[in-house]
Amino acid sequence: MDRREFSLTLARPLGTAKGTIGRREGDLIRLDAGAYGVGEATPLQGWTESLADCRVALDGAADAGDAALRAAVGADPHAPLADTPTSLTDALADAPAARHAVESAVLDARGRREGRPLAALLADDPATAVPVNGTVGDGSVTETVTAAREAVDDGFSCLKVKVGAGDLDRDVARLRAVREAVGDDVPLRADANAAWDRGTAEEAVEAFATLDLSYLEQPLSADDLSGHAALRGRGVGIALDETLATVSVRDVLDAEAADVLVLKPMALGGPARAHAVARRALGAGVDPLVTTTIDAAPARTAAVHVAAAIPDVRPCGLATAGALDSDLVPDPAPVESGTVAVPTGPGVAGDAFDDLF
Ligand SMILES: O=C(O)CCC(=O)c1ccccc1C(=O)O
Ligand SMILES: [Mg+2]
């Protein structure tokens, strides 16, 4: 297994209720198992293990040896690491970002070996394109409206606005101004990144319902399943994101805590794991969609395949390449008019990552 470290700066840092994301650091791995495969680990505090723990886990995976990885490439693509030695699975057990890198590389190699794109390994009839939302970070009313208008001018027909960094009155003013600026035909979402207590979240839902908000993402802390369940049915859908990094999907679905599940393959341990969660959600009548933790091209593109493998997926949070100052390779899955075409080459993106090692 080859490895290399990378660090990327955000040209447009993303302001959230939990601070501003301005830089992303991680590791790329490449494994050779007949065919080669590339995978990315880009940990993010609050969703995954730390960068240091991620690198320890990748050391452990490398120590497990190439035979373990070769076995994984030949395994069921829906559970690619299931039958590998415990030396590999144990090393990755509490390290979802490291596991994401290994699982992605295994699936990439499998796709190359079979000459099929990743989405076709996950689903029988994957979509050829995926709708995406524009992402608008925290900012003043004017900054928020400017960013929203720009996104609509760029062709996005669905917007997600970060809220919860300031007080609720300011967020209501921001969303009202965006609604007035973009009109009634653009679905709006808001993401509070677990900023609120139950009282504030109730007030937010009441106010946002008058602005025809499609859903509110993670208003409460990750472990507050009953609080989220109680917010449903009041005119604004409830989506969960951070919760899925700490609570099992089974518990989330049993608690009827969400209308929408926001799946980050990096936080869930890989593309196949994320797709498995999507299938569970669909089975329970909950809408899954896919986003990234603002990743580099290999992980972002793998996430596009996961989204393509979800039937009629709602707009996904995959338009994050534009936030980066530069990327590791030219974008193999660029956003055009609010849509991403799913790469058709074998694996994650054909030969797009060949020069990374
Ligand atoms: O979903 C999107 O539109 C973009 C991704 C995004 O918001 C995000 C990016 C990095 C870390 C956390 C989040 C989040 O959804 O909370
Ligand atoms: Mg979120």
Side-chain angles (χ1 to χ4, degrees), residues 8-26 40 42-48 51 96-97 100 130-139 144 147-148 150-152 154 156-165 178 186-196 201 204 213-222 228 237-247 252 258-268 274 287-296 299-300 303-304 306-307 313-324 333 335 338-340:
L8 298 174
T9 306
L10 273 68
R12 289 193 289 154
L14 181 63
T16 83
K18 288 290 149 74
T20 298
I21 301 173
R23 206 156 77 106
R24 303 289 291 117
E25 266 184 281
E40 174 186 331
T42 313
L44 184 65
Q45 198 198 338
W47 278 266
T48 72
L51 182 58
H100 179 278
V130 172
V132 293
N133 66 232
T135 310
V136 177
D138 183 57
T144 304
E150 265 174 33
V152 170
D154 284 347
F156 289 100
S157 47
C158 175
L159 300 181
K160 173 170 126 172
V161 180
K162 290 289 192 179
V163 295
V178 169
V186 175
L188 293 183
R189 303 156 166 190
D191 185 356
N193 286 112
W196 291 325
L213 208 79
S214 317
Y215 65 72
L216 172 59
E217 184 172 329
Q218 201 72 43
L220 303 170
S221 61
H228 283 110
I238 298 298
L240 291 179
D241 174 4
E242 282 88 333
T243 291
L244 290 169
T246 50
V247 181
V252 172
D259 301 288
V260 172
L261 293 187
V262 176
L263 311 182
K264 288 181 162 50
M266 193 64 69
L268 293 169
D287 280 351
L289 58 86
V290 183
T291 83
T292 74
T293 49
I294 306 189
D295 305 325
R300 210 175 53 241
V304 168
V306 177
V313 74
R314 292 170 71 144
C316 290
L318 297 169
T320 52
L324 299 172
V335 177
T339 304
V340 177

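Numbering of ligands and ligand atoms starts at 1, following listing order. The structure presented is a predicted model; accordingly, all values stated were derived computationally and were not measured.
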Notebook entry, point to check: Is T291 in polar range of ligand 1, meaning some N or O pair under 3.5 Å apart?
Noted result: no
Notebook entry, point to check: Between D191 and ligand 1, does any nitrogen or oxygen pair lie at a separation below 3.5 Å?
Noted result: yes
Item checked: Residues K160, E217: salt bridge by 4.0 Å N-O rule -> yes
Item checked: F156 and its side-chain contact (heavy atoms from CB on, under 4.5 Å) partner, picked from V335, N133, T339, V186 -> V335
Item checked: Candidates T292, V340, V132 - the one meeting side-chain contact (heavy atoms from CB on, under 4.5 Å) with V304 -> V340
Next item on the list: May I ask you to check whether Q218 and T243 show a side-chain donor-acceptor distance below 3.5 Å?
Entry: yes
Notebook entry, point to check: When only distance counts, is T292 in polar contact with ligand 1, meaning an N/O pair under 3.5 Å?
Noted result: no
Item checked: M266/T42 under side-chain contact (heavy atoms from CB on, under 4.5 Å): CA gap, chis, key distance, verdict -> CA-CA 7 Å; M266 193 64 69; T42 313; 4.1 Å; yes
Checklist line | Electrostatic pair D191:K162 at N-O distance under 4.0 angstrom | finding: yes
Check: N/O/S of E242 less than 2.8 Å from the Mg ion (ligand 2)?
Finding: no
Notebook entry, point to check: Of all N/O/S atoms in D191, which lies nearest to the Mg ion (ligand 2)?
Noted result: OD2
Check: At what distance is the nearest protein heavy atom to atom 16 (O) of ligand 1, and which residue and atom is it?
Finding: N193 ND2, 2.8 Å
Check: Any idea which atoms of ligand 1 are less than 4.0 Å away from a heavy-atom of I21?
Finding: 10 (C), 11 (C)
Margin query: Counting C-beta onward and ignoring hydrogens, is there a side-chain heavy-atom pair between K18 and T16 closer than 4.5 Å?
Written below: yes
Next item on the list: Under 4.0 Å from a heavy atom of I294: give me the atoms of ligand 1 that qualify, with their elements.
Entry: 9 (C), 10 (C)
Item checked: Donor-acceptor side-chain pairing of T293 and K264 below 3.5 angstrom -> no
Notebook entry, point to check: Against heavy atoms of T135, which atoms of ligand 1 measure under 4.0 Å?
Noted result: 2 (C), 3 (O), 4 (C)
Check: Between the main-chain N or O of I294 and the side-chain N or O of R24, is there a donor-acceptor pair closer than 3.5 Å?
Finding: yes
Margin query: I need the atoms of ligand 1 closer than 4.0 Å to a non-hydrogen atom of N133, numbered in the order shown.
Written below: 3 (O)
Next item on the list: Run the numbers for me: atoms of ligand 1, each under 4.0 Å from some heavy atom of G317, listed by number.
Entry: 1 (O), 2 (C), 3 (O), 4 (C)
Note to self: With a 4.0 Å cut-off on N to O distance, would you call D287 and R314 a salt bridge?
What the structure shows: yes
Check: Is the shortest N/O to N/O distance between K160 and ligand 1 below 3.5 Å?
Finding: yes
Notebook entry, point to check: With backbone taken as N, CA, C and O and side chain as the heavy atoms from C-beta onward, which portion of Q218 lies under 4.0 Å from ligand 1: side chain, backbone, both, or neither?
Noted result: neither
Check: Is ligand 1 less than 4.0 angstrom away from at least one heavy atom of V132?
Finding: no
Next item on the list: Could you go through the side-chain contact (heavy atoms from CB on, under 4.5 Å) check for L244 and L268 one step at a time?
Entry: CA-CA 8 Å; L244 290 169; L268 293 169; 4.2 Å; yes
Item checked: Sub-4.0 Å atoms of ligand 1 with respect to non-hydrogen atoms of L44 -> 11 (C)
Notebook entry, point to check: Near E217, which atoms of ligand 1 are under 4.0 Å from a heavy atom of that residue?
Noted result: 15 (O)
Note to self: Within rounding of 10°, what is the angle whose vertex is the Mg ion (ligand 2) and whose arms end at OE2 of E217 and OD2 of D241?
What the structure shows: 100°
Notebook entry, point to check: Considering only protein heavy atoms, which is closest to atom 15 (O) of ligand 1, and at what distance to one decimal place?
Noted result: K264 NZ, 2.8 Å
Next item on the list: Indicate, as side chain, backbone, both or neither, the part of T320 found under 4.0 angstrom from ligand 1 when only non-hydrogen atoms are considered.
Entry: side chain
Next item on the list: Please state which part of T293 comes within less than 4.0 Å of ligand 1, counting heavy atoms only: side chain, backbone, both or neither.
Entry: backbone
Next item on the list: Given side-chain contact (heavy atoms from CB on, under 4.5 Å), test V306 with L263 step by step and report yes or no.
Entry: CA-CA 9 Å; V306 177; L263 311 182; 5.7 Å; no
Item checked: Test side-chain contact (heavy atoms from CB on, under 4.5 Å) applied to V260 and I238, step by step -> CA-CA 6 Å; V260 172; I238 298 298; over 6 Å; no
Margin query: Suppose I only count heavy atoms of D241 and a 4.0 Å limit; which atoms of ligand 1 are within that range?
Written below: 14 (C), 15 (O), 16 (O)
